[in-house]
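Inspection log for the structure reproduced underneath, given as structure tokens.
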Amino acid sequence: MTDLLNKPLTSEAGSDQFAPTKADKFTFGLWTVGNRGRDPFGDFVRPVLNPLVQVKKLSELGAWGLNFHDNDLVPFNATPFERDRIVKDFKQALNDYGMVVPMATTNLFFHPVFKDGAFTAVDPGVRAYALQKTMRAIDLGVELGAETYVFWGGREGVDAEASKDPMEAVKRMREAINFLCEYVKDQGYNLRFALEPKPNEPRTDTYLPTVGHMLAFISTLDNPDMVGVNPEVAHESMAGLNFYQGVAQALEVNKLFHIDLNDQKGPRYDQDLRFGSESIKNSFFLVKLLEEKGYTGPRAFDAHAYRTEDEAGVWDFALGCMRTYNMFKEKAKRFAADAEIQALLSEINGGDQTYGGLLGGKYSPEKASRLKGSDFDVDKLASRGYKYEKLDQLTIEIILGVR
Ligand code: GLT
Ligand code: MN
Ligand code: MN
């Protein structure tokens, strides 16, 4: 191990203003930089990357922490003795390199036992086993310091529509999350759950497919305060949705507990591309939102390097995610400081926002009758030019670096 850890860094974090630092709260899943490039059409292209090496290299690049599934760290069939040794070494590495584990999760999708799902599988034996595996994985995550626990549906879905009652599936999911919330309370853990939607893949349809579905589901739980969302750029984009808007809706109800940053070219399979590598404008608005609207959680990258890359390329990828985030952060500051843009925004959003007391605040019968009796100059309202072309062009000029 010492030899492995002494291997020199293949990429330089750089010393310019975009170089990531621990204060930026960047994290990566062990499964992200550890991704070996296997896809449905081709085998592994990279060797296993030891988790201890990941801790060291990510720390040197400026990352703050690491996330993991139980089996990213402890192999599926490990004995209790092996588990304890692995955990001890990992803790030591975290300590040595000043890295934290803010989030952990369970692998409920890789082993064939989960081929029909986990909490929503038709087989009660599989559902019970999924609960056991999750409780053990929660114990492991908490032992390593996790304060957020992610549930990505994985194979919670359906291929043969007739095989499952979709209402029963939602009930089963609710029962499982309720049970696990009670388990966390029972253990006295300081842990919140973050549910991660995805519309499809690996199943043809996944239950609770979007941020909107998840938010509605959370409000039906026994402990809704303990549960929020973990939206992922690629997943909402696969559903053809605007990620930025979904995240804003979650933030507005204080449900953005975690976020998976990556990128995606259009509504296709899950591409998990380097953050900001494709949707430049959406990524800009996303970073602007997170930075300006009080999101304090980890900036987690759930992406992986192109299949063409060797280990050096993996570190180029990881550094790229972080630097690009910081570049957008800088652009957001420029946008906020741009006098012309701010003047235009004030003009666009100007005027008496209460419309003489008719708008905002609570309903009253008096307000309703005043509104019903008001005269509106509809033609004047309709003739307004909104100057959005100008605003959007100025935004593009900020992003492209000419302002
Ligand atoms: C898997 C998935 C991700 C989830 C991870 C957490 S695992 O890689 O594609 O989106 O966030 O379970
Ligand atoms: Mn994800
Ligand atoms: Mn993904």
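All values reported here derive from a predicted model rather than from experimental measurement. Atoms within a ligand are numbered from 1 in the order they appear, just like the ligands themselves. Numbers here are sequence positions counted from 1.
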Review point. For atom 3 (C) of ligand 1, which protein heavy atom lies nearest, and how many Å away is it?
Key: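 Here the nearest protein heavy atom works out to D302 OD2, 2.9 Å.
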Practice item. For atom 11 (O) of ligand 1, grab the closest protein heavy atom and report residue, atom and distance to one decimal in Å. Key: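 Atom 11 (O) of ligand 1 sits closest to the protein heavy atom E196 OE1, 2.6 Å.
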Test: [X] and [Y] ion pair at under 4.0 Å:
{"X": "R307", "Y": "D43", "value": "no"}
{"X": "K164", "Y": "E156", "value": "no"}
{"X": "E60", "Y": "K56", "value": "yes"}

Check your understanding: Which option, E201, E232, H69, owns the non-hydrogen atom nearest atom 7 (S) of ligand 1?
Key ->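 Nearest heavy atom to atom 7 (S) of ligand 1 lies in H69.
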Review point. Counting both backbone and side chain atoms, is some N or O of K198 under 3.5 Å from an N or O of ligand 1?
Key: no
Review point. For ligand 1, does D270 get within less than 4.0 Å through its side chain, its backbone, both, or neither, judged by non-hydrogen atoms?
Key: side chain
Check your understanding: Backbone, side chain, both or neither: what part of N107 comes under 4.0 angstrom of ligand 1, heavy atoms only?
Key ->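 Near ligand 1, N107 shows nothing, with every heavy atom at 4.0 Å or more.
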Point to revise | Reported CZ-to-CD distance for the pair F151 and E196, which is rounded to 0.5 angstrom | key: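 Between F151 CZ and E196 CD, I get 12.0 Å after rounding to 0.5 Å.
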Practice item. Quick one: list whatever passes side chain to side chain contact (heavy atoms under 4.5 Å, CB included) with D165, sequence neighbours left out. Key: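 Residues passing side chain to side chain contact (heavy atoms under 4.5 Å, CB included) with D165: M167, E168.
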Check your understanding: Who pairs with E252 by side chain to side chain contact (heavy atoms under 4.5 Å, CB included), at least two apart in sequence or on another chain?
Key -> none
Check your understanding: Which protein N, O or S atoms does the Mn ion (ligand 2) have within a distance shorter than 2.8 Å?
Key ->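 For the Mn ion (ligand 2), the protein N, O and S atoms that sit under 2.8 Å away are E196 OE2, E232 OE1, D260 OD2, D302 OD2.
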Point to revise | NZ or CZ of R384 within 45° of Y386 ring axis and under 6.0 Å | key: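 Judged by the rule, R384 and Y386 form a cation-pi pair.
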Practice item. Name all residues meeting the salt bridge (charged side-chain N to carboxylate O under 4.0 Å, His left out) criterion together with R83; count only those two or more places apart in sequence or in a different chain, and write none if there are none. Key: E143
Practice item. Report, in ascending order of atom number, the atoms of ligand 1 lying under 4.0 Å from any heavy atom of D260. Key: 11 (O)
Point to revise | For H235, the ligand 1 atoms whose distance to one of its heavy atoms is below 4.0 Å | key: 10 (O)
Check your understanding: Can you check whether F257 reaches L195 side chain to side chain, under 4.5 Å on heavy atoms?
Key -> no
Review point. Which N/O/S atom belongs to D270 and is the closest one to the Mn ion (ligand 3)?
Key: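 So the atom name we want here is OD2.
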**Study point:** F44, CZ: over 12 other non-hydrogen atoms inside 6.0 angstrom
**Key:**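 Yes, enclosed.
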